[in-house]
Amino acid sequence: KEKHKILHRLLQNSTSPVDL
Amino acid sequence: THSPLSEGFSLLETERMAQSVVKSHVETSQYSTEELKRLAWNLYTAEETRTYQSKPMEAMWQQCVAHLTNAIQYVVEFAKRISGFMELCQNDQIILLKAGCLSVLLIQMCRAYNATNHTLLFDGKFASVQLFKSLGCDDLVNAVFELAKSMSRLQLTEEEMALFSAVVLFSPDRPWLTDRQPVQRLQGKVYQALQRCLNREGANEHKLNKMLAKLPAIKSICNLHIDKLEFFRLLHPETAYSFPPLYREVFGS
């Protein structure tokens with residue numbers, strides 16, 4: 001999980017950069 | 001990347017899938033088709049091109065990597081909004097994204113290609129092959145431009161492009177997937193949606209074959225990118241280490 005911290009976070013976030 | 005369908009999906013199921021994929025594509029495209037049209041004649045001047053060409057290799061890599069990293073976030077969002085993707089286990093979501101995001105970007109990149117002057121949108125303006133000289137990856141850059149050119153000849157509609165991207169993203173043959181079957185089902189449904197979309201448009205039956213025929217070139221560009229990155233890492237390890245964490249996660253081994 002540590003290896004893909006950012007991907008995990010992006011997948012879990014309901015607000016993504018696209019929405020901002 | 002696909003295996004012939006053994007199971008059929010109802011018209012309703014594939015229609016819903018097509019709607020979900022197309023909606024997601026429209027919502028998560030960095031540039032709308034209108035914006036791209038508006039930007040089409042915004043070209044880098046010879047002077048600006050020279051400025052890019054005289055950048056140090058590390059600086060140009062950093063800039064391209066930053067754009068690529070930004071674009072990857074849109075692909076993650078594209079995947080997330082497709083019905084069924086978030087039901088896969090997170091390990092498999094990550095595997096599909098890591099293995100397929102560059103292919104998706106390469107497919108969708110042809111929207112940002114201008115065939116009249118062989119340029120691609122980069123940092124707000126259209127750039128020629130020569131602008132990327134300082135990367136030291138002429139073969140990779142040429143291959144990317146040539147792919148954009150040959151993809152743009154197919155004149156894919158937004159719907160076809162969205163569905164084709166999703167077919168490639170949902171490849172059940174990616175190594176390390178924990179559960180291939182739901183991925184295969186998802187791909188099968190999108191593939192059938194793509195076939196139906198092409199039939200409905202009365203597209204030439206060869207269009208699908210022509211789309212699938214681009215896959216080896218896409219794959220070879222993905223491999224070439226990794227080769228170039230490995231080589232760059234040897235030359236400039238500190239710069240490579242300073243690349244955004246998302247980029248390193250996606251393209252690290």
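Note on naming: letters A, B, ... go to the chains in the order of the sequence lines (proteins, then strands), and numbering restarts at 1 for each one. Since the structure is predicted, the reported quantities are computational estimates derived from the model, not experimental observations.
Using a distance-only test at 3.5 Å, with no hydrogens or angles considered, a donor-acceptor pair links the side chain of K80(B) to the main chain of L10(A).
Around atom CD of Q155(B), no more than 12 heavy atoms belonging to other residues, nucleotides or ligands sit under 6.0 Å away. More than 12 heavy atoms of other residues, nucleotides or ligands sit less than 6.0 Å from atom NZ of K55(B).
Across all non-hydrogen atoms, the minimal contact from H4(A) to K98(B) is NE2-NZ, 3.0 Å. Between K5(A) and E249(B), the shortest heavy-atom contact is N-OE2, 3.0 Å.
In this structure, the separation between CD on Q93(B) and CD on Q12(A) is 9.0 Å, given to the nearest 0.5 Å. Taking CD1 from I6(A) and OG1 from T69(B), the interatomic distance works out to 10.5 Å, rounded to the nearest 0.5 Å.
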Item to check | F85(B) vs L11(A), side chain to side chain contact (heavy atoms under 4.5 Å, CB included): CA-CA, chis, key distance, verdict | outcome: CA-CA 10 Å; F85(B) 179 77; L11(A) 286 164; 3.8 Å; yes
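Contact tally against chain A (heavy-atom pairs below 4.5 Å) for L97(B), I94(B), V76(B), V250(B): the top residue is I94(B).
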